[in-house]
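Note that this is a predicted model, so its numbers are computed, not measured. Chain naming here is simple, since letters A, B, ... match the order of the sequence lines and numbering starts at 1 in each.
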Protein chains: 2
Amino acid sequence: MGISRRTKSVDLITKEFESISGAISTTELIDRLSEQINKTTIYRVLEKLEDDGYVHSFLGKQGITWYAKCDNCTGHYHHDEHPHFQCTECGKVDCLPITVQIPKIENRTIDKTNVLILGKCNMCL
Amino acid sequence: MGISRRTKSVDLITKEFESISGAISTTELIDRLSEQINKTTIYRVLEKLEDDGYVHSFLGKQGITWYAKCDNCTGHYHHDEHPHFQCTECGKVDCLPITVQIPKIENRTIDKTNVLILGKCNMCL
DNA sequence: TATTTTACTGCAACTGTGTTGCAATAGCAA
DNA sequence: TTGCTATTGCAACACAGTTGCAGTAAAATA
């Protein structure tokens with residue numbers, strides 16, 4: 001069940017995603033919007049935007065949730081089957097438009113793969 | 001700074017790792033040992049055991065910390081550069097003795113790669 | 001063995017991320 | 001304009017993990 005009404009919260013949050021490059025953590029989003037939207041609402045809107053396929057979520061370095069409106073993923077390819085990169089210097093997180101091959105594994109099926117790559121981004125090299 | 005004194009807590013925790021196959025989450029370890037060891041101590045001992053290279057830590061599905069005494073990683077190869085597998089049915093987590101190739105990425109350096117594969121394990125197929 | 005040093009432990013209180021219940025508000029269709 | 005109900009804000013909660021500190025106990029030293 002995604003977004004069914006266009007509200008102030010939805011507008012503010014989508015505008016935030018349009019204005020950034022890369023991903024944003026829920027905590028950062030709450031910091032930026034807490035004077036205008038309650039944090040509970042932020043969590044709930046993000047959930048719905050993900051249902052709608054507008055953003056996707058994943059976990060960053062310390063296990064906190066990040067969201068990205070990734071242009072590289074569309075349609076059925078959506079569910080973040082691409083790796084994410086987090087810079088260990090500045091903390092910035094991006095989607096990587098590459099594919100990571102996972103070998104077949106005996107006696108197991110693979111539903112989903114989460115790949116987080118840690119390193120230095122081009123600004124911090 | 002790893003373990004420097006052999007205490008009851010260290011014995012109980014290492015004994016737990018000897019008795020299991022695969023990985024164990026901090027929460028499960030606390031459940032099992034909370035009558036014998038305080039949770040703060042469990043967190044602190046795990047940290048030291050990781051410093052010593054006896055176990056390694058990584059994040060599971062919901063961002064909680066897991067530890068494994070993985071036999072496949074030794075010496076400099078230690079720092080969990082292997083993928084981890086979490087069963088979406090039973091929740092069991094294992095180290096996978098395979099290598100995932102990460103392509104070189106322009107304008108970035110790679111320090112570490114976290115790969116979590118979600119799917120069904122051989123018991124749940 | 002007795003003493004001393006200090007690593008380790010337990011406790012209580014705290015932090016940060018995320019969730020839940022519920023009453024009030026506000027899109028939007030009719 | 002009205003009525004339905006999705007959405008919101010608030011307060012309180014849940015849970016993983018951390019911190020400060022005083023007391024305890026390995027283990028080195030005498």
(request) Please give the angle, rounded to 10 degrees, between the axes at the start and the end of the helix from dT1(C)-dA30(D) to dA30(C)-dT1(D), where five pairs define each axis. (result)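 Inter-axis angle at the termini of the helix from dT1(C)-dA30(D) to dA30(C)-dT1(D): 30°.
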Sugar-phosphate only, base, or nothing, as touched by [X] at under 4.0 Å among non-hydrogen atoms:
X        : result
Gln62(A) : nothing
Ile42(B) : nothing
Glu47(A) : nothing

Is there a side-chain contact between [X] and [Y] (heavy atoms, below 4.5 Å)?
X         : Y         : value
Tyr67(A)  : Leu29(A)  : no
Thr113(A) : Val100(B) : no
Leu46(A)  : Thr26(A)  : yes
Lys112(A) : Thr88(B)  : no
Lys92(B)  : Cys124(B) : no
Ser9(B)   : Arg44(B)  : no
Arg108(B) : Ile117(A) : no
Leu59(B)  : Thr65(B)  : yes

Atom [atom1] of [X] and atom [atom2] of [N]: how far apart are they, to the nearest Å?
X        : N       : atom1 : atom2 : value
Tyr43(B) : dT19(D) : OH    : P     : 13 Å
Leu59(B) : dT17(C) : CG    : P     : 14 Å
Leu33(A) : dG9(D)  : CG    : C1'   : 15 Å
Leu29(A) : dT17(C) : CG    : P     : 13 Å
Trp66(A) : dT17(C) : CH2   : P     : 11 Å
Leu46(A) : dT19(C) : CG    : C1'   : 14 Å
Ile3(B)  : dT9(C)  : CD1   : C1'   : 12 Å
Asn38(A) : dT25(C) : CG    : C1'   : 14 Å

(message) Please tell me whether Ile20(B) and Ile13(B) are part of a single hydrophobic cluster in this structure, the criterion being side-chain heavy atoms less than 4.5 Å apart.
(response)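 Result: yes, single cluster for both.
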(request) If you link ILVMFWY side chains whenever their heavy atoms are less than 4.5 Å apart, which other residues fall into the same cluster as Met1(A)? By chain and number, please. (result)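 Grouped by the 4.5 Å side-chain rule, Met1(A) forms a cluster of one, so the answer is none.
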(request) Could you list who else is in Leu116(A)'s hydrophobic cluster, with ILVMFWY side chains joined at under 4.5 Å, directly or through other members? (result)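 Taking Ile, Leu, Val, Met, Phe, Trp and Tyr as members, Leu116(A) shares its hydrophobic cluster with Leu118(A).
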(request) Please list, chain by chain and in numerical order, all residues satisfying salt bridge (charged side-chain N to carboxylate O under 4.0 Å, His left out) with Lys61(B), sequence neighbours excluded. (result)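 Partners of Lys61(B) under the salt bridge (charged side-chain N to carboxylate O under 4.0 Å, His left out) test: none.
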Taking only residues two or more places apart in sequence or in another chain, which ones pass side-chain hydrogen bond (donor to acceptor under 3.5 Å, both in side chains) with [X]?
X         : value
Arg32(B)  : Glu16(B), Glu28(B)
Asn107(B) : none
Ser25(A)  : Thr27(A)
Asn38(A)  : Thr40(A)

[N], OP1 or OP2 - any side-chain N/O from [X] closer than 4.0 Å?
X        : N       : answer
Ser9(B)  : dT9(C)  : yes
Lys48(B) : dC8(C)  : yes
Thr65(A) : dG18(C) : yes

Pick out the pairs of N or O atoms, protein on one side and nucleotides 20-23 of chain C on the other, that lie under 3.5 Å.
residue	atom	partner	partner atom	Å
dT20(C)	O4	Thr40(A)	OG1	3.4

(request) Between Thr26(A) and Val45(B), name the one whose nearest nucleotide on DNA chain C is closer to the 5' end. (result)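 The residue whose closest nucleotide sits nearer the 5' end is Val45(B).
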(request) Choose from dG10(C), dC10(D), dT7(D) the nucleotide whose nearest atom is closest to any side-chain atom of Ile37(B). (result)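 Nearest to the side chain of Ile37(B) among the choices is dG10(C).
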(request) Identify, residue by residue, the members of residues 12-22 of chain B with a heavy atom below 4.0 Å from DNA chain C, and return them in order of residue number, or none. (result)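 Hits under 4.0 Å, by residue number: none.
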Between protein and nucleotides 14-16 of chain C, what N or O pairs are separated by less than 3.5 Å?
none

(message) Need to verify one output field. Residue with the more 5' nearest nucleotide on DNA chain D, Ile30(B) or Gly2(A)?
(response)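 Result of the comparison: Gly2(A).
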(request) Search all heavy atoms of Phe58(B) against all heavy atoms of Ala23(B) and return the closest pair with its distance. (result)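 Closest approach of Phe58(B) to Ala23(B): CZ-CB, 3.7 Å.
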Just the atom pairs and distances: protein N or O near nucleotides 23-26 of chain D's N or O, under 3.5 Å.
residue	atom	partner	partner atom	Å
dA26(D)	N3	Arg5(B)	NH1	3.2

